[in-house]
Amino acid sequence: CGHCKSLAPIYEKVAKTFATESNCVVANVDATVYTSIAESYGIGGYPTLKFFTAGSNGKEPLNYDGGRTEADLVSYLNEKCGTDRAVGGGYGPNVGRIAELDKLASELLISNSKDLIIKSAREISKKSNIGTAAYYVRVFEKVEKQGKDFLSKEIARLSKIIAGGNNTPEKIDDFSLRLNVLKAFTESNAKIVEQHSEL
């Protein structure tokens, strides 16, 4: 049907966005072919979207009656699956962020004690079980050596790679995490500039 054809590309994008989420599987069943499945779930119109909670074994799915945009579907699945995925792929803006290291990132660009900040970042990183901790330290070191221009160049480079569209979902996730960490440095820098301009 026409509605199914218009939803298909959106649905495929959403499936790709959640491809690396083991606890959130996006599946497509052609109910005109698998009529017994359609009957067992009371599907009478197309397209019909249903949400099955983990461990439900197909029993009592939730009917989805929300919007049919990519953003609507991603938002719904994030809520139901406990994920933070971004429209178009990758993670949401706060995934991978570490508050203690974000605080140090905000101090790095204005501090005369960059060595002490980087030492503190290394210590926090060693204690952290969050995968991005080591990347934070690399960014601290790069900013110390190359200055804040490193941040804008690296953000532009990673954004271009992601926009290129030739990446696996796993690579998009990795680049998204890196962008989130880099933005911890640039957001703090923007706040500092804003505070100084108000003075």
Legend entry - Spacing of N23 atom CG and T53 atom OG1 [to the nearest 0.5 Å]: 12.0 Å
Legend entry - Electrostatic pair E141-R122, nearest N-O below 4.0 angstrom: yes
Inset, instruction - Look at E107 together with K103 and state whether they make a salt bridge at an N to O cut-off of under 4.0 Å. - result: yes
Inset, instruction - Report yes or no: does Y41 contribute a side-chain atom to a donor-acceptor pair with the main-chain N or O of K50 at less than 3.5 Å? - result: no
Inset, instruction - Please answer whether the main-chain N or O of I161 pairs with a side-chain N or O of N167 as donor and acceptor at a distance below 3.5 Å. - result: yes
Inset, instruction - Give a yes or no answer on whether the side chain of S125 reaches the backbone of A121 with a donor-acceptor pair at less than 3.5 Å. - result: no
Legend entry - Heavy-atom side-chain proximity of V14 to V74 below 4.5 angstrom: yes
Legend entry - Smallest separation among heavy atoms of D102 and A184, with atom names: OD1-CB, 3.0 Å
Inset, instruction - Please tell me if the side chains of E144 and L108 come closer than 4.5 Å, counting only heavy atoms from C-beta onward. - result: no
Inset, instruction - Mark yes or no for whether T186, through its side chain, and K183, through its backbone, hold a donor-acceptor pair below 3.5 Å. - result: yes
Legend entry - Flag side-chain contact, heavy atom, 4.5 Å: E123 against K119: yes
Legend entry - Pair F185 + F150: ring centers closer than 6.0 Å: no
Inset, instruction - Report yes if the side chains of L77 and E21 come closer than 4.5 Å at any heavy-atom pair, otherwise no. - result: no
Legend entry - Shortest non-hydrogen contact between P169 and T20, atoms and distance: CB-CG2, 3.6 Å
Legend entry - Atom of I98, atom of S128 and distance for their closest heavy-atom approach: CD1-OG, 3.9 Å
Legend entry - Whichever hydrophobic residues join V95 through chains of side-chain contacts under 4.5 Å: Y91, L177
Inset, instruction - Take L73 and K13, measure what side chain to side chain contact (heavy atoms under 4.5 Å, CB included) needs, and give me the verdict at the end. - result: CA-CA 10 Å; L73 295 170; K13 288 179 187 176; over 6 Å; no
Legend entry - Nearest atoms (heavy-atom pairs only) where L104 meets I117: O-CG2, 3.8 Å
Legend entry - Donor-acceptor pair, side chain of S75 and main chain of D72, under 3.5 angstrom: no
Inset, instruction - Answer yes if F52 and V25 sit in the same cluster of Ile, Leu, Val, Met, Phe, Trp and Tyr residues linked by side chain heavy atoms under 4.5 Å apart, and no otherwise. - result: no
Inset, instruction - Any chance you could measure S40, atom OG, to Y34, atom OH, to the nearest 0.5 Å? - result: 13.5 Å
Legend entry - Gap separating the CD atom of E70 from the NZ atom of K16, nearest 0.5 angstrom: 11.0 Å
Legend entry - Side-chain (T48) to main-chain (G45) donor-acceptor, under 3.5 angstrom: yes
Legend entry - Sidechain-backbone polar pair: T132 side chain, Y135 backbone, donor-acceptor under 3.5 Å: no
Legend entry - Side chains of F18 and N78 in contact at under 4.5 Å (non-hydrogen atoms): yes
Inset, instruction - Check whether any side-chain heavy atom of L62 sits under 4.5 Å from a side-chain heavy atom of K80, and report yes or no. - result: yes
Inset, instruction - Might you point out which heavy atoms bring P47 and L7 nearest each other, and give the distance in Å? - result: CG-CD2, 3.6 Å
Inset, instruction - Using the rule that two of Ile, Leu, Val, Met, Phe, Trp, Tyr join whenever any of their side-chain heavy atoms come within less than 4.5 Å, decide whether L116 and I124 are in one cluster. - result: no
Legend entry - Contact check, side chains of T69 and I10, non-hydrogen atoms, under 4.5 Å: no
Legend entry - R97 vs E187 side-chain heavy atoms within contact, under 4.5 Å: yes
Inset, instruction - Say whether, by atom type as modelled, one donor and one acceptor occur between the side chain of S159 and the main chain of I155 under 3.5 angstrom. - result: yes
Inset, instruction - With rounding to the nearest 0.5 Å, note down the distance linking NZ in K153 to CG in L158. - result: 14.0 Å
Legend entry - Greater than 12 external heavy atoms within 6.0 Å of K171's NZ: no
Inset, instruction - Hey, could you give me the CD/NZ distance between E154 and K142, rounded to the nearest 0.5 Å? - result: 7.5 Å
Legend entry - Co-membership, hydrophobic cluster, residues V181 and V137, 4.5 Å side-chain: no
Inset, instruction - Look at the side chain of S176 and the backbone N and O of I172, then say whether any donor-acceptor pair between them is shorter than 3.5 Å. - result: yes
